[in-house]
Amino acid sequence: MSEKILANKKSGMLMLILTIIWEVSCFGGFIFGVFQLEKAETTPWIIWTLGCFFLTSTGWFPVFGLKVLKPQEALVLTLFGKYKGTLKGDGFFWVNPFCTSVNPAAQTKLNQSGDVQTVTTTIIDASKGTTTTTSNTSKKLSLKLMTLNNSRQKINDCLGNPIEIGIAVTWRIVDTAKAVFNVDNYKEFLSLQCDSALRNIVRIYPYDIAPGVDTTGDGIADEGSLRGSSEIVAQRIRDEIQNRVDEAGIEIVEARITYLAYATEIAAVMLQRQQASAIIDARKMIVEGAVGMVEMALDRLNEGGKVELDEERKAAMVSNLLVVLCGNRDAQPIVNSGSLY
């Protein structure tokens with residue numbers, strides 16, 4: 001079903017003025033008929049009075065066809081169960097009073113911005129001690145950009161590690177007819193599709209870079225990961241959701257990862273693993289630098305020719321320098337001032 005825009009319906013003010021004039025005229029005719037009946041109660045004046053009273057009582061019915069829309073709002077109308085069209089744009093409209101507005105997701109509240117406009121009225125009956133609460137939910141569809149803050153989910157990555165991830169999806173309605181008639185509730189439909197698409201994409205990637213993992217599907221291992229390739233992952237999630245909600249007339253503008261962490265049951269172990277990896281990398285760098293400094297010291301001593309060391313003394317010197325340079329604490333050497341050896 002395609003959207004059909006109702007054009008040339010901005011006649012609400014004109015219809016309101018005509019209705020007021022009609023009501024005033026009918027009421028005036030009724031008063032005039034009452035005065036005539038007081039003078040002479042005849043059948044024509046009785047019919048006149050009853051007719052004016054009937055027209056006055058029913059003449060306000062066209063008011064039900066008056067509709068007011070703000071910018072970026074839409075109203076889907078049906079007439080006796082058949083899709084009549086959609087009102088779009090701000091203005092004062094008049095449609096067939098028998099038309100009814102349809103919005104199956106009017107009372108659905110998700111973790112998102114401005115999706116429901118609800119007016120709550122509380123009536124207190126002091127004599128009976130009861131309280132009655134009524135709500136008037138608008139049937140209008142918002143065409144503004146809205147953000148769905150999807151709740152955190154626990155999903156296994158491609159290596160089987162459980163992670164917790166949450167996304168924020170920016171979306172809007174582009175086809176009101178599809179949103180209302182193609183799915184039962186477009187808000188719940190969007191939320192479920194976001195969950196499904198998120199699981200399908202996350203299971204392709206590891207949390208951190210892992211060897212031998214193909215995340216692009218071309219058969220070649222790459223360095224893609226959830227933590228290091230967040231922009232690419234978010235774009236793939238957005239495309240996946242868009243493919244699923246096209247039939248509902250929804251456009252996915254953007255999808256962003258808002259939360260990413262290991263699940264609590266393995267978070268401590270993974271933290272120790274990261275710390276161990278960092279310590280190994282740091283030690284490797286320290287050892288490489290220490291070896292280079294020892295080589296430089298031996299070369300400088302040999303170039304000057306002032307100190308000649310045999311192989312045993314060189315080995316001892318190398319050992320002592322490596323201990324000093326690679327140790328976690330400051331060295332406290334013992335100085336021998338008596339002899340060369």
As an exercise, state the distance from [atom1] of [X] to [atom2] of [Y], rounded to the nearest 0.5 Å.
| X | Y | atom1 | atom2 | value |
| --- | --- | --- | --- | --- |
| Leu14 | Thr19 | CG | OG1 | 9.0 Å |
| Lys88 | Phe93 | NZ | CZ | 11.5 Å |
| Lys140 | Lys67 | NZ | NZ | 9.0 Å |
| Leu226 | Ile232 | CG | CD1 | 11.5 Å |
| Asn149 | Ser191 | CG | OG | 10.5 Å |
| Ile17 | Met15 | CD1 | CE | 11.0 Å |

Tell me the closest heavy-atom pair linking [X] and [Y], and the distance in Å.
| X | Y | value |
| --- | --- | --- |
| Glu223 | Ser229 | O-OG, 4.3 Å |
| Lys178 | Asp246 | CD-O, 4.2 Å |
| Cys158 | Pro206 | SG-N, 3.3 Å |
| Ala261 | Tyr259 | CB-OH, 3.7 Å |
| Pro71 | Asp90 | N-CB, 3.6 Å |
| Gln153 | Leu198 | NE2-CD2, 3.4 Å |

Tell me if a side-chain donor or acceptor on [X] pairs with a main-chain N or O of [Y] at a distance below 3.5 Å.
| X | Y | value |
| --- | --- | --- |
| Trp94 | Pro62 | yes |
| Arg238 | Ile252 | yes |
| Asn150 | Ile167 | no |
| Lys4 | Lys84 | yes |
| Glu164 | Ile155 | no |
| Lys187 | Ala105 | yes |

* Take Arg244 and Asn200 through the side chain to side chain contact (heavy atoms under 4.5 Å, CB included) test and state the conclusion after the steps. => CA-CA 12 Å; Arg244 294 170 177 265; Asn200 285 345; 2.6 Å; yes

Is [X] linked to [Y] within one hydrophobic cluster, defined over Ile, Leu, Val, Met, Phe, Trp and Tyr using a side-chain heavy-atom separation of less than 4.5 Å?
| X | Y | answer |
| --- | --- | --- |
| Val63 | Ile21 | yes |
| Phe61 | Val95 | no |
| Phe64 | Phe80 | yes |
| Val183 | Val102 | yes |
| Leu69 | Leu6 | yes |

Would you call [X] and [Y] a side-chain contact if the rule is heavy atoms closer than 4.5 Å?
| X | Y | answer |
| --- | --- | --- |
| Ile163 | Tyr205 | no |
| Leu16 | Phe92 | yes |
| Ile237 | Cys194 | no |
| Tyr207 | Asn161 | no |
| Asn96 | Leu77 | no |
| Leu190 | Ile241 | yes |
| Phe98 | Thr100 | no |
| Val180 | Pro104 | yes |

* To do: Considering only NZ, NE, NH1 and NH2 on the basic side and carboxylate oxygens on the acidic side, decide whether Arg256 and Glu231 come within less than 4.0 Å.
  => yes

* Can Glu240 and Arg236 be counted as an ion pair, charged N to O under 4.0 angstrom? -> no

* Could you walk me through whether Gln242 and Glu251 pass the side chain to side chain contact (heavy atoms under 4.5 Å, CB included) check? -> CA-CA 7 Å; Gln242 184 63 70; Glu251 178 189 3; 4.1 Å; yes

* With side chain to side chain contact (heavy atoms under 4.5 Å, CB included) as the test, would you mind laying out the steps for Val233 and Ile201 before giving the verdict? => CA-CA 7 Å; Val233 174; Ile201 299 300; 4.2 Å; yes

* Structure fact -> Of Ile5, Leu75, Leu143, the one forming a side chain to side chain contact (heavy atoms under 4.5 Å, CB included) with Thr176 is Leu143

* Asked: More than 12 foreign heavy atoms under 6.0 Å from CZ of Phe27: is that the case here?
  -> no

